[in-house]
Participant: 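I have a structure I would like to understand better, so I am pasting it below and will then ask my questions one at a time.
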Amino acid sequence: MRQVTYSMGCSFDGFVVGPDGSFDWSVPDEHEFAQHIHDLRGTSVHLLGRRLYETMLYWEDVDQEPETDFSTREWARLWRELPKIVFSTTLTEVTGTNTRLATGSLAEEIERLRAESDEGEIALGGARLAAEAAELDLIDEYRPFVHPVLVGGGLPYFPELERQVRLELVSSRAFGTGVVASRYRVVR
């Protein structure tokens with residue numbers, strides 16, 4: 001069965017954006033970016049909340065700039081090819097290559113995607129969407145990229161849950177920047 005994974009950068013104190021909404025502290029270096037590209041290659045569909053969808057529109061044409069480096073062009077190409085489903089209560093349409101609005105609930109969309117194929121992962125992006133998925137026990141693996149910075153508040157990576165969730169460390173990798181990328185499997 002396809003796994004549902006949740007991967008985002010977060011501060012050491014557990015926030016994806018700071019109190020002012022910024023995330024400029026999470027810009028990856030070339031090695032971290034290569035890891036993100038590697039992870040994206042294993043993804044068959046990406047589910048996004050509205051805010052992340054709007055942020056990711058940047059990748060639709062960034063590779064058209066003449067000074068764009070290879071990694072940026074590669075990420076943009078992979079991102080455009082990847083099917084994306086946007087969950088929003090305010091949007092009535094979306095733009096972007098291979099992008100559509102969700103037609104069902106998060107649980108219904110994931111159930112349908114799991115039934116379609118066993119190939120590739122179902123990636124989640126957006127802390128609020130991931131919080132909903134966590135509450136419904138739909139996340140199979142958490143993949144935080146923890147940055148060595150304390151931002152003191154903001155939007156948390158990990159949702160508040162009414163239950164305990166046991167995790168098993170699958171792998172961990174430290175980058176020269178101090179970022180630590182980990183994979184934790186949900187123990188069921």
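Computed from heavy atoms alone, side chains included, the values below leave out hydrogens, waters and symmetry copies.
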Participant: What pairs with Arg188 under salt bridge (Lys or Arg N to Asp or Glu O under 4.0 Å), at least two apart in sequence or on another chain?
Facilitator: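 Salt bridge (Lys or Arg N to Asp or Glu O under 4.0 Å) list for Arg188, sorted by chain: Asp137, Asp140.
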Participant: List for me each residue that meets side chain to side chain contact (heavy atoms under 4.5 Å, CB included) alongside Glu108, sequence neighbours excluded, and say none if there are none.
Facilitator: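 Side chain to side chain contact (heavy atoms under 4.5 Å, CB included) check on Glu108 returns Ser105.
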Participant: Does Asp61 have any side chain to side chain donor-acceptor pair (under 3.5 Å) partners at least two apart in sequence or in another chain, and if so, which?
Facilitator: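 For Asp61 there are no side chain to side chain donor-acceptor pair (under 3.5 Å) partners, ignoring immediate neighbours.
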Participant: If you take all heavy atoms of His36 and Pro28, which pair is closest and at what distance?
Facilitator: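 Here His36 and Pro28 meet closest at CD2-CB, 4.3 Å.
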Participant: Which residue pairs pass the side chain to side chain donor-acceptor pair (under 3.5 Å) test with at least one member in residues 121-132, sequence neighbours excluded?
Facilitator: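 For residues 121-132: Glu121-Arg143.
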Participant: Identify the two heavy atoms, one from Leu129 and one from Gly49, that lie closest to each other, and give their separation to 0.1 Å.
Facilitator: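 Here Leu129 and Gly49 meet closest at CD2-N, 3.7 Å.
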Participant: Minimum heavy-atom separation for Val165 and Val186, please, with both atom names.
Facilitator: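 Distance-wise, the nearest heavy atoms are CG1-CG1, 3.9 Å.
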Participant: Could you tell me the separation between the OG1 atom of Thr43 and the CD atom of Gln3, rounded to the nearest 0.5 Å?
Facilitator: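 Thr43 OG1 to Gln3 CD: 11.0 Å, rounded to 0.5 Å.
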Participant: So which heavy atom on Trp25 is nearest to which on Phe15, and how close?
Facilitator: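 Here Trp25 and Phe15 meet closest at CH2-O, 3.2 Å.
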Participant: Do Ile139 and Phe145 share a hydrophobic cluster, counting only Ile, Leu, Val, Met, Phe, Trp and Tyr and linking them when any side-chain heavy atoms are less than 4.5 Å apart?
Facilitator: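 They do not share one cluster, since no chain of ILVMFWY contacts under 4.5 Å joins Ile139 to Phe145.
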Participant: Under 4.5 Å side-chain heavy-atom separation, chaining through any Ile, Leu, Val, Met, Phe, Trp or Tyr, what else clusters with Leu91? Say none if it is isolated.
Facilitator: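 Reading the cluster by chain and number, Leu91 sits alongside Phe33, Ile37, Leu40, Leu48, Leu52, Tyr53, Met56, Leu57, Tyr58, Trp59, Val62, Trp75, Leu78, Trp79, Leu82, Val86, Val94, Leu101.
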Participant: Minimum heavy-atom separation for His46 to Gly125, with atom names?
Facilitator: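 Shortest heavy-atom separation between His46 and Gly125 comes out as CE1-N, 3.5 Å.
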Participant: Apart from Leu150 itself, what residues make up its hydrophobic cluster, given side-chain heavy atom links below 4.5 Å?
Facilitator: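 Same cluster as Leu150: Phe12, Val146.
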Participant: Under 3.5 Å, which donor-acceptor pairs link side chains of residues 169-180 to any protein atom two or more places apart or in another chain?
Facilitator:
unit_1: Ser172; atom_1: OG; unit_2: Ser182; atom_2: OG; d: 3.4
unit_1: Arg173; atom_1: NH1; unit_2: Gln35; atom_2: OE1; d: 2.9
unit_1: Thr177; atom_1: OG1; unit_2: Glu32; atom_2: OE2; d: 2.5
unit_1: Thr177; atom_1: OG1; unit_2: Val179; atom_2: N; d: 3.4

Participant: Backbone N or O of Ser11 within a donor-acceptor pair of the Tyr157 side chain at under 3.5 Å?
Facilitator: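 Flag not set: sc Tyr157 to bb Ser11 has no pair under 3.5 Å.
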Participant: What distance do Thr5 atom OG1 and Leu124 atom CG have between them, rounded to the nearest 0.5 Å?
Facilitator: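 The distance works out to 7.0 Å.
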Participant: Ignoring hydrogens and angles, tell me if any N or O in the side chain of Arg2 forms a donor-acceptor pair with the backbone of Glu119 under 3.5 Å.
Facilitator: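 Confirmed, Arg2 side chain pairs with Glu119 backbone.
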Participant: Between Ile85 and Leu113, is the side chain to side chain contact (heavy atoms under 4.5 Å, CB included) condition met? List the steps.
Facilitator: CA-CA 11 Å; Ile85 303 172; Leu113 291 167; 4.0 Å; yes
Participant: Just verifying a value: how many Å separate Met1 CE and Arg114 CZ, rounded to the nearest 0.5 Å?
Facilitator: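 With rounding to 0.5 Å, CE (Met1) is 5.0 Å from CZ (Arg114).
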Participant: Could you tell me which residues satisfy ring pair (Phe, Tyr, Trp, His ring centres under 6.0 Å) with Tyr184, sequence neighbours excluded, listed by chain and number?
Facilitator: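 With neighbours one apart ignored, the set is empty.
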Participant: Report the C-alpha separation of His147 and Ser26 in whole Å, then their side-chain angles, then the decisive distance to 0.1 Å, and conclude whether the side chain to side chain contact (heavy atoms under 4.5 Å, CB included) test is met.
Facilitator: CA-CA 7 Å; His147 293 259; Ser26 68; 3.8 Å; yes
Participant: Crowded around Glu116 CD? As in, over 12 foreign heavy atoms under 6.0 Å?
Facilitator: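 Enclosed.
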Participant: Excluding sequence neighbours, so at least two apart, what forms side chain to side chain contact (heavy atoms under 4.5 Å, CB included) with Thr103?
Facilitator: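 Partners of Thr103 by the side chain to side chain contact (heavy atoms under 4.5 Å, CB included) criterion, ordered by chain and then number, come out as Arg100, Glu109.
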Participant: Enumerate the residue pairs fulfilling salt bridge (Lys or Arg N to Asp or Glu O under 4.0 Å) with a member in residues 72-91, sequence neighbours excluded, ordered by first and then second residue.
Facilitator: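 Qualifying pairs: Arg41-Glu74, Asp63-Arg80, Glu74-Arg77, Arg77-Glu81.
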Participant: For the OH atom of Tyr142 and the CG atom of Leu167, what is their distance to the nearest 0.5 Å?
Facilitator: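 The CG atom of Leu167 is 7.0 Å from OH of Tyr142, to the nearest 0.5 Å.
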Participant: Using the test side chain to side chain contact (heavy atoms under 4.5 Å, CB included), find all partners of Glu162 that sit at least two apart in sequence or belong to another chain.
Facilitator: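 Testing Glu162 for side chain to side chain contact (heavy atoms under 4.5 Å, CB included), a comparison that skips the adjacent residues, returns Glu135.
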Participant: Could you pull out the closest heavy-atom pair between Gly153 and Asp13, with the gap in Å?
Facilitator: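 In this case the closest contact between Gly153 and Asp13 is N-OD2, 4.2 Å.
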Participant: My understanding is that only residues two or more places apart in sequence, or in another chain, count here; which of them pass side chain to side chain contact (heavy atoms under 4.5 Å, CB included) with Ser22?
Facilitator: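 In terms of side chain to side chain contact (heavy atoms under 4.5 Å, CB included), with neighbours along the sequence ignored, Ser22 is linked to Asp20, Asp24.
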Participant: Once you round to the nearest 0.5 Å, how far does OG1 of Thr72 lie from CD of Glu65?
Facilitator: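 Thr72 OG1 to Glu65 CD: 11.0 Å, rounded to 0.5 Å.
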